[in-house]
Number of protein chains: 2
Amino acid sequence: MPAASNQGPTHRQPVASKQQVVRGILRGLMEGLWRGGDRFTEASAVEKFGVSRTPVREALLQLQGLGLIELRRNCGAVVLPFGTDEVRELYAVRSILEVEATRLAASRIHRELVDQLMGEFTEIRARGEEDPDWRLDRTLHQSIAEASGNHRLLAEIFRYGDLVQAMREIVGERTSDIHTTSVDEHLAILEALREGDPEGASLAMKNHLDQASTSAIEAIQTLRS
Amino acid sequence: MPAASNQGPTHRQPVASKQQVVRGILRGLMEGLWRGGDRFTEASAVEKFGVSRTPVREALLQLQGLGLIELRRNCGAVVLPFGTDEVRELYAVRSILEVEATRLAASRIHRELVDQLMGEFTEIRARGEEDPDWRLDRTLHQSIAEASGNHRLLAEIFRYGDLVQAMREIVGERTSDIHTTSVDEHLAILEALREGDPEGASLAMKNHLDQASTSAIEAIQTLRS
DNA sequence: AACGCGTAGATTGTATACAATCTATCTTAT
DNA sequence: ATAAGATAGATTGTATACAATCTACGCGTT
């Protein structure tokens, strides 16, 4: 018997504690549980999530790195505002990064990759399917970020992509109606990339992210209503 | 300068441990102590810096957030490449953020602030002084980022500003010759901002950061030679 | 009564012990 | 001899105890 094989209330997965806290606090932020300027201590998070201080501290540091809270010496965590304005700003920064990545990618991305992605999107559209877990969407953004040729830019785009994905999943826990991924917007980006048109591709990406921003703001409002 | 005034082996400042590790590893990266792909364990860092695992872990998480190392479960920290290409990419991302912030700031920044900053830069230039600790430079970049009106964009610019400042200080520990801050480049930005010219200001910022990138690359090469 | 100071509580920073997991080597059966 | 599996070591994930620091309240002095 190599493993204890406990069934029933299995042992807490050690690796999940930190992400559980990150998710929980992010959910609280999105639901409007705290107002900007509110403070809470490590001890309160320990009690709320039932884990020890170590994963709580690491989770708070991660959230600070994501610009969602602020940690002050011996003063607890200060919750930063998180409303429609902040979501708009988040998508604005994401747009700055991805629009520039798209501009760079236009002259570097491989045509075969563009064709393959276009095929998958058109197939999805023909079947009337939905890409419910945003797998294709993420693949597209990731492929463009990689084609930018700047590893650090790719990393920053991933940072925001992971944050947006976490927000999507939290929204999905409550509202069954997930906004349909916009295949047409994606295809517009790919068509411009296929022609090697940096301005057209970056403009199409900007339009796509503006639409995504509006959808995200509506989702937050729905979550809080 | 307050001058730390460390006398004797006073009590270890509890708050300094984590930043000491961050600084030490960042210095190692800049000096080329490790090659990209090298791995080191928490235990080795504990031994190297003489602190416990807790601040080491938090330091590694911070460095991962800065995109300098990669943490893998039970596999230690993987050092990412850090050479001239990576410094160039770092400044490219910084440029993307700050150029857009400058464009946004052109129509929002207060004229009095621009005039005040121009006064301080011209005074520095008239006196032939140097702004050795980059205080004015940081004030300018911070003021522009604030004037962008996007708090998250400001935060991201701060993230890179702090990283660049830490790199400058590490370079300064070894090489007495610090590159002179380029007053003319700063004044070009401010003059365009004063006229409310978004394209001129953002172009001047891009030029300024391109020069800074070249200087940083030269500094790294000097540090390693 | 107002201000300064000191002490107690609270909170975070750090160190260490324990648990879970992974990697690599060694054994064993085919 | 090769490959599959088990076992031991190493490494990270988590929990807890201790140290340092900050905040706030109460006391004493002016």
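Proteins get letters first, then strands, A, B, ... in listed order; numbering begins at 1 in each. Model, not experiment: these values are computed from the prediction.
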In this structure, how many angstroms lie between the C1' atom of C/dG13 and the CD atom of B/Q20, rounded?
14 Å

Would you please say whether a donor-acceptor pair under 3.5 Å links the side chains of B/E112 and B/Q116?
no

5' precedence on DNA chain C between B/S52 and A/G76 (nearest-nucleotide basis)
A/G76

B/L61 CG to D/dT12 C1', in whole Å, measures 11 Å

B/F40 CZ to D/dT11 P, in whole Å, measures 13 Å

Can you find a side chain N or O atom of A/R53 that sits less than 4.0 Å from OP1 or OP2 on D/dT16?
no

Would B/Q211 and B/S182 count as a side-chain contact (heavy atoms from CB on, under 4.5 Å) if you check the C-alpha gap in whole Å, the side-chain angles of each, and the deciding distance to 0.1 Å?
CA-CA 9 Å; B/Q211 302 286 3; B/S182 40; 5.6 Å; no

Is there a donor-acceptor contact under 3.5 Å linking the side chains of B/H141 and B/E98?
yes

Are A/Y160 and B/E156 linked by a side-chain donor-acceptor pair shorter than 3.5 Å?
yes

Filter on salt bridge (charged side-chain N to carboxylate O under 4.0 Å, His left out), then keep only pairs touching residues 29-41 of chain B, sequence neighbours left out; what's left?
B/E31-B/R174

Rounded to whole angstrom units, what separation is found between the CZ atom of B/R72 and the C1' atom of D/dA10?
17 Å

Using heavy atoms and a sub-4.0 Å distance, could you list which residues of residues 21-29 of chain A are near DNA chain C? By number, please.
none

Which listed nucleotide (D/dA15, D/dT12, C/dT11) is nearest to the side chain of A/P55?
D/dA15

Could you report the tightest heavy-atom contact between A/R152 and B/L163, atom names first, then the distance?
NH1-CD2, 4.5 Å

Quick one: do B/E89 and B/R94 make a salt bridge, cutoff under 4.0 Å?
no

Rounded interatomic separation in angstrom, taking CZ from A/F49 and C1' from D/dA15
18 Å

By nearest heavy atom, map A/T54 and B/E42 onto DNA chain D; which one lands nearer the 5' end?
B/E42

Which atom pairs link the protein and nucleotides 22-25 of chain D when you take only N or O atoms and keep those under 3.5 Å?
{"from": "D/dC22", "atom 1": "O4'", "to": "A/N74", "atom 2": "ND2", "distance (Å)": "3.2"}

Gap between atoms CD and P, on B/E47 and C/dA15 respectively (whole Å)
15 Å

Any idea which heavy atoms bring A/R159 and B/G65 closest together, and the distance?
CD-O, 4.4 Å

Which nucleotide sits closest to the side chain of A/R57: D/dA15, C/dG13, C/dA15?
C/dG13

Just by distance, with hydrogens left out, do B/Q62 and B/E58 show a side-chain donor and acceptor under 3.5 Å apart?
no

